[in-house]
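Fair warning: this is a prediction, and the values are worked out from it, not measured in the lab. In what follows, every chain begins at residue 1, and chains take the letters A, B, ... in the order their sequences are listed.
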Amino acid sequence: MDHFARKLLAWYDRHHRELPWRVGPSDKAQGVVPDPYHVWLSEIMLQQTTVQAVKPYFDKFLTRWPRVADLAAADTDEVMAAWAGLGYYARARNLKKCAEVLARDHDGRFPDTFEGLKALPGIGDYTAAAIAAIAFDRPEAVVDGNVERVVTRLFAIETPLPTAKPEIKTRTKAMTPAERPGDYAQAMMDLGATICTPKRPACVLCPLRDDCIALSKDDPQRLPLKMPKAARPVRYGAAFIAETPDQRILLKTRENKGLLGGMAEVPTTGWTARSDGETGKDAAPFSAAWTPKGEVTHVFTHFELRLAIWHAASDERPVTGGRWTQITALGEEALPSVMKKAITQAIPDAFKARRETS
DNA sequence: GATCCGTGGAG
DNA sequence: TCTCCAAGGAT
């Protein structure tokens, strides 16, 4: 084992984070083994998502679906509803698919190799390596955003991302130890998350400070360099909240692909790049006394959406592809944040725990 | 390789 | 207010 791994594992033994899905070094010493299902579920949820945001979702999923077979047998709409708010909904669709493949073709167990894991839906290079290392003690090179940051600073790699990825992968492979590869991978990520942070890294506390070329030269915070991001365009649309006297609103389900795929929505216009500000009630799902309720803005990854909100009292008329859902039952719907925002704009207490019965 | 895909918190 | 970003994957 080289000196990087030795120092890092010693630091990890003393300063690792306690996380709900993690088996720490002391627990491992007592014979506790990581559950591949827990490792997988946490890794999928953590993709581009903060630890704090994941925690309640991880608990909720494990409570409702304690084993892979439970998730495989679950209703897809319930899984999407449970995932609602966490974002990147293709993850939830692939999570369900993956559980079904495991139940059908793998006896409900996870493959224990990188290649076997990589072949599953929603599992790419990072996640395959992470599960192989953390759940099965395979010495795979685990490279996530944390590792990219640590390695570019450690070796003062001036090539901007993503061009530097191959070099980072090579460096990480060379550093990964044959012993405790799972702890090592988590140690690298903990180091990146708590010490080698994007801004104001705590270099004085870093177990690798004597080896860090960026620190010896100048300013580690400068790295990694990144390619400039494209500007975020603005798109406009309108959303329609139709409410019946017995407190139901009209919902639909989006098609199973693309933006918010498989999630619930209120009827909306298309979301165009136009800026005419006229997008409005002539596109309503049916003719009614539509009342303007202002506008909500929501920021997606690659565009900003401004939705004009319309509200109308309505009778419960049949609408193709639509369903009239009790407002008190909205918590069971797979509503993404932008839709909760739109509904709340029209009906302020829609998601309150106790609604006043008017 | 470039683009698409959410959300909410921190600075 | 605004920018950045957090354990990436699919196409």
- Atom NZ of Lys257(A) to atom C1' of dC4(B): distance rounded to whole Å? 13 Å
- Message: Using a heavy-atom cut-off of 4.0 Å across all strands, would you classify Thr301(A) as base, sugar-phosphate, or nothing?
- Response: base
- Which whole-number value in Å describes the distance from Glu255(A) CD to dC5(B) P? 11 Å
- Message: Give me the distance, rounded to whole Å, that separates dA6(C) from dC4(B) when you measure between the P atoms they each carry.
- Response: 22 Å
- Query: Of all residues at least two apart in sequence or in a different chain, which pass the salt bridge (Lys or Arg N to Asp or Glu O under 4.0 Å) check with Asp246(A)?
  - Reply: Arg248(A)
- Message: Between the base of dG6(B) and the side chain of Thr49(A), is there a donor and acceptor pair under 3.5 angstrom?
- Response: yes
- Does the distance from a Lys or Arg side-chain N to an Asp or Glu carboxylate O, for Glu304(A) and Arg232(A), drop under 4.0 Å? no
- Closest listed nucleotide, where the reference is the side chain of His298(A) and the choices are dT7(B), dG9(C), dA7(C): dT7(B)
- Round to a whole Å and report the spacing from CD of Gln221(A) to P of dG11(B). 12 Å
- Report which part of the nucleic acid Pro336(A) touches: base, sugar-phosphate, or nothing (heavy-atom distance under 4.0 Å, all strands). sugar-phosphate
- Query: Phe240(A) vs Trp310(A) aromatic rings, parallel, tilted or perpendicular, using cut-offs 30° and 60°?
  - Reply: parallel
- Note on the structure: Contacts of Ala103(A) meeting side chain to side chain contact (heavy atoms under 4.5 Å, CB included) (sequence neighbours excluded), chain-then-number -> Ala72(A)
- Look at atom NZ of Lys173(A) and say whether more than 12 heavy atoms of other residues, nucleotides or ligands are closer to it than 6.0 Å. no
- Asp190(A) CG to dA7(C) P, in whole Å, measures 10 Å
- Item | Closest-nucleotide 5' rank along DNA chain C - winner of Lys118(A) and Arg17(A) | Arg17(A)
Pull out every protein N or O sitting under 3.5 Å from an N or O of nucleotides 1-5 of chain C, one pair per line with the distance.
{"residue": "dC5(C)", "atom": "OP2", "partner": "Lys229(A)", "partner atom": "NZ", "Å": "3.0"}

- Query: When rounded to the nearest Å, what value does the distance between C1' atoms of dG6(B) and dC5(C) take?
  - Reply: 13 Å
- Item | From dT7(B), dA7(C), dC4(B), nucleotide with atom closest to His302(A) side chain | dC4(B)
- Name the nucleic acid region contacted by Val299(A), choosing base, sugar-phosphate or nothing; use a 4.0 angstrom heavy-atom cut-off, strictly under. base
List the atom pairs, with distances to 0.1 Å, where a side-chain N or O of residues 114-130 of chain A and a protein N or O form a donor-acceptor pair under 3.5 Å, not counting sequence neighbours.
{"residue": "Lys118(A)", "atom": "NZ", "partner": "Asp125(A)", "partner atom": "OD1", "Å": "3.2"}
{"residue": "Tyr126(A)", "atom": "OH", "partner": "Glu43(A)", "partner atom": "OE1", "Å": "2.6"}
{"residue": "Thr127(A)", "atom": "OG1", "partner": "Gln47(A)", "partner atom": "NE2", "Å": "3.0"}

- Message: Between C1' on dG9(C) and CG on Leu95(A), what's the gap in Å once rounded to a whole number?
- Response: 13 Å
- Query: Is the number of heavy atoms from other residues, nucleotides or ligands under 6.0 Å of Glu179(A) CD greater than 12?
  - Reply: no
- Note on the structure: Leu259(A) CG to dT3(B) C1', in whole Å, measures 13 Å
- Message: Need one value for Trp83(A): base, sugar-phosphate or nothing, where a base atom within 4.0 Å counts as base even if backbone is also close, heavy atoms only.
- Response: nothing
- Message: Taking any heavy-atom pair under 4.0 Å as a contact, classify Gly85(A): base, sugar-phosphate, or nothing.
- Response: sugar-phosphate
- Answer yes or no: is there a donor N or O on one side and an acceptor on the other, between the side chain of Arg153(A) and the main chain of Leu223(A), under 3.5 Å? yes
- Mapping Pro162(A) and Lys341(A) to their closest nucleotides on DNA chain B, which lands nearer the 5' end? Pro162(A)
- May I ask you to list the residues of residues 37-46 of chain A, by number, that have any heavy atom positioned under 4.0 Å from an atom of DNA chain C? Glu43(A), Leu46(A)
- Task: Sequence neighbours left out, what passes side chain to side chain contact (heavy atoms under 4.5 Å, CB included) with Arg171(A)? Give chain and number order.
- Result: Val151(A), Phe155(A)
- Do His298(A) and Phe300(A) have ring centres separated by under 6.0 Å? yes
- Query: Between dG11(B) and dA7(C), how far is it from one P atom to the other, in whole Å?
  - Reply: 15 Å
- When we call it a touch if two heavy atoms are under 4.0 Å apart, what does Gly192(A) touch: a base, just sugar-phosphate, or nothing? nothing
- Message: Counting only side-chain heavy atoms from C-beta out, which of dT7(B), dA7(C), dG8(C) sits nearest to Tyr88(A)?
- Response: dG8(C)
- Between dT7(B), dA6(C), dA7(C), which nucleotide gets closest to the side-chain atoms of Asn146(A)? dA7(C)
- Message: If the cut-off is 4.0 Å, is Gln48(A) near the phosphate of dG8(C), judged by side-chain N/O to OP1 or OP2?
- Response: yes
- When you measure from the side chain of Arg91(A), which nucleotide among dC4(B), dA7(C), dG6(B) comes out closest? dG6(B)
- Give the rounded distance in Å between these two atoms: CH2 of Trp271(A) and P of dC5(B). 10 Å
- Would you kindly give the CZ-to-C1' distance between Arg235(A) and dC5(B), to the nearest whole Å? 11 Å
- For the residue pair Phe110(A) and Trp40(A), categorise the inter-ring angle as parallel (less than 30°), tilted (30 to 60°) or perpendicular (more than 60°). tilted
- Query: When all nucleic acid strands are considered with a 4.0 Å heavy-atom cut-off, which category describes Leu19(A): base, sugar-phosphate, or nothing?
  - Reply: base
